[in-house]
Participant: 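A single structure is presented below for examination.
Note that ligands are numbered from 1 as they come in the structure, with each ligand's atoms numbered from 1 the same way. Since the model is a prediction, treat every value here as computed from it, not as a measurement. Numbers here are sequence positions counted from 1.
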Amino acid sequence: MELQKWGFKENKEVNAAAALTVRHILEAIIQNVDETKTGKPKIHLGHGDPSVYPCFQTSTVVEDALVESIRSTKFNCYAPGVGIDPARRAIAEHLSKDLPYSLTTDDIFLTVGANHAIEVLLKVLAQPGANILFPRPNYSLYEAQSSISPLEVRHFDLLPEKSWEVDLDGVKALADDKTVAIVLINPGNPCGNVFTSEHMQKIAETAKQLGILIISDEVYAYQVFGNKPFIPMGVFGNIAPVITLGTLSKRWIIPGWRLGWIAITDPIGILHKTGIAASIKSCLDLTADPPTIIQGAVPHIMEKTPESFFLNINKLLKEAADLFYERLKDIPFVSCPHKPEGSMFAMVKLNLSALDDVVDDKDFCMKLAKEESIILFPGYAAELKNWVRVSFAADPKVIEDATGRIKAFCLRHAKR
Ligand SMILES: *Cc1c(COP(=O)(O)O)cnc(C)c1O
């Protein structure tokens with residue numbers, strides 16, 4: 001039968017949006033890996049999921065929390081769109097520890113991971129004519145989601161020579177009376193940077209001056225291992241309203257459990273008064289929820305995960321970051337302008353003019369996958385061409401092996 005007889009067709013808009021996501025881009029790169037041909041086992045440094053390594057397993061406390069949740073028989077039911085109260089309260093208490101004010105249950109909305117939180121917020125803010133400010137480089141789901149929404153996206157720069165701080169003059173030049181929000185990711189993905197308190201205060205003052213809301217993506221909260229402490233943006237919520245995004249995925253290393261949150265960290269109450277909080281609730285009533293059984297485990301996870309678990313994970317991340325940074329210095333034609341001090345990532349700049357037969361960052365990633373079975377994330381997809389993002393959240397032996405192979409690749413492709 002001829003195809004054109006059917007009254008439906010593919011959705012090109014959705015396909016184009018998905019093409020911008022991390023998963024989609026990595027899939028295309030992974031297809032180039034042929035372990036039997038190279039004789040080299042695949043090393044995946046393309047995304048931030050160390051749960052595959054024995055040294056990065058979650059705490060047994062977290063596992064017990066889920067077993068307890070299942071056995072209680074209390075969480076086999078549907079949950080409210082915003083999530084169950086005990087989980088919301090536990091997250092409010094957890095976040096309040098480092099804020100100069102206390103959050104309540106009403107300030108917390110549970111989501112299917114932080115990715116869902118991003119989708120919900122962008123949907124709520126996407127009113128006709130509105131624009132939003134994203135960092136460059138960025139976590140690509142923001143661009144992917146916005147591409148199928150009426151929101152206009154404008155990019156400000158993060159400055160590598162200034163520890164990837166926000167170019168605040170750029171922000172002021174971009175914003176106008178239709179700007180609704182600025183997005184920040186701290187600790188940084190893809191840059192592995194951590195903002196200072198002074199810089200965050202300046203960002204908040206700029207947001208206040210512009211009359212815009214701050215969306216602070218803090219999925220790597222407390223995953224810091226340099227000289228700077230992690231400070232939640234909500235500390236500056238008395239200057240400009242802040243919405244904070246969080247998740248169990250990264251700090252507890254259970255990305256498959258799909259539990260994240262939106263927190264209204266706004267002590268003046270602007271977001272409740274203007275109805276943004278109510279719109280977030282409405283949006284959650286329309287979309288999927290994290291499984292109730294996972295929600296049921298949240299209070300136990302928040303209250304009982306031992307500090308020693310987090311200290312150990314940060315120690316492992318620091319060792320991996322230090323090792324990666326040192327080995328990278330030894331690789332020709334690549335450079336990392338800023339030593340990672342948080343999250344699981346570093347941005348690495350490619351000196352393509354010194355490489356033969358590698359046209360851009362995408363080509364670099366494709367060929368590296370094919371020849372060395374190593375998967376990295378190309379910078380173009382994070383809005384920064386001719387850089388690559390590397391996740392160092394791996395076993396040290398794997399980092400040694402990977403950096404050795406990247407070096408061999410660069411030497412082999414050196415211009416003569
Ligand atoms: C991983 C990540 C997310 C998504 O986290 P999930 O909770 O697993 O959905 C969101 N934002 C950033 C910056 C991330 O790195």
Participant: In the structure I gave you, are the side-chain heavy atoms of T265 and L103 within less than 4.5 Å of one another anywhere?
Facilitator: yes
Participant: Is the centre of the F377 ring less than 6.0 Å from the centre of the F345 ring?
Facilitator: no
Participant: Could you tell me the residue and atom name of the protein heavy atom closest to atom 13 (C) of ligand 1, and the distance to it rounded to 0.1 Å?
Facilitator: D217 OD2, 3.3 Å
Participant: Mind checking whether W252 and H94 have ring centres under 6.0 Å apart?
Facilitator: yes
Participant: List every atom of ligand 1 that sits less than 4.0 Å from any heavy atom of I185, numbering the atoms from 1 in the order shown and giving each element.
Facilitator: 13 (C)
Participant: So do the side chains of V235 and D98 get within less than 4.5 Å of each other, counting heavy atoms only?
Facilitator: no
Participant: If the cut-off is 4.0 Å to any non-hydrogen atom of S249, which atoms of ligand 1 fall inside it?
Facilitator: 6 (P), 7 (O), 8 (O)
Participant: Only heavy atoms of T247, strictly under 4.0 Å: list the atoms of ligand 1 that pass.
Facilitator: 6 (P), 7 (O)
Participant: Under 6.0 Å from the six-membered ring centre of F109 and within 45° of its axis: does the NZ or CZ of R88 meet both?
Facilitator: yes
Participant: Are K367 and D363 close enough for a salt bridge, meaning some N to O gap below 4.0 Å?
Facilitator: yes
Participant: Which of the atoms of ligand 1 are close to A114, meaning less than 4.0 Å from one of its heavy atoms?
Facilitator: 4 (C), 5 (O), 6 (P), 7 (O), 9 (O), 10 (C)
Participant: Just to confirm my output: which protein heavy-atom neighbour is closest to atom 10 (C) of ligand 1, and how far is it?
Facilitator: Y139 CE2, 3.4 Å
Participant: What protein heavy atom lies closest to atom 4 (C) of ligand 1? Include the residue and the distance to one decimal.
Facilitator: N115 OD1, 3.0 Å
Participant: Would you mind finding which of H116, R258, K250 brings a heavy atom closest to atom 9 (O) of ligand 1?
Facilitator: R258
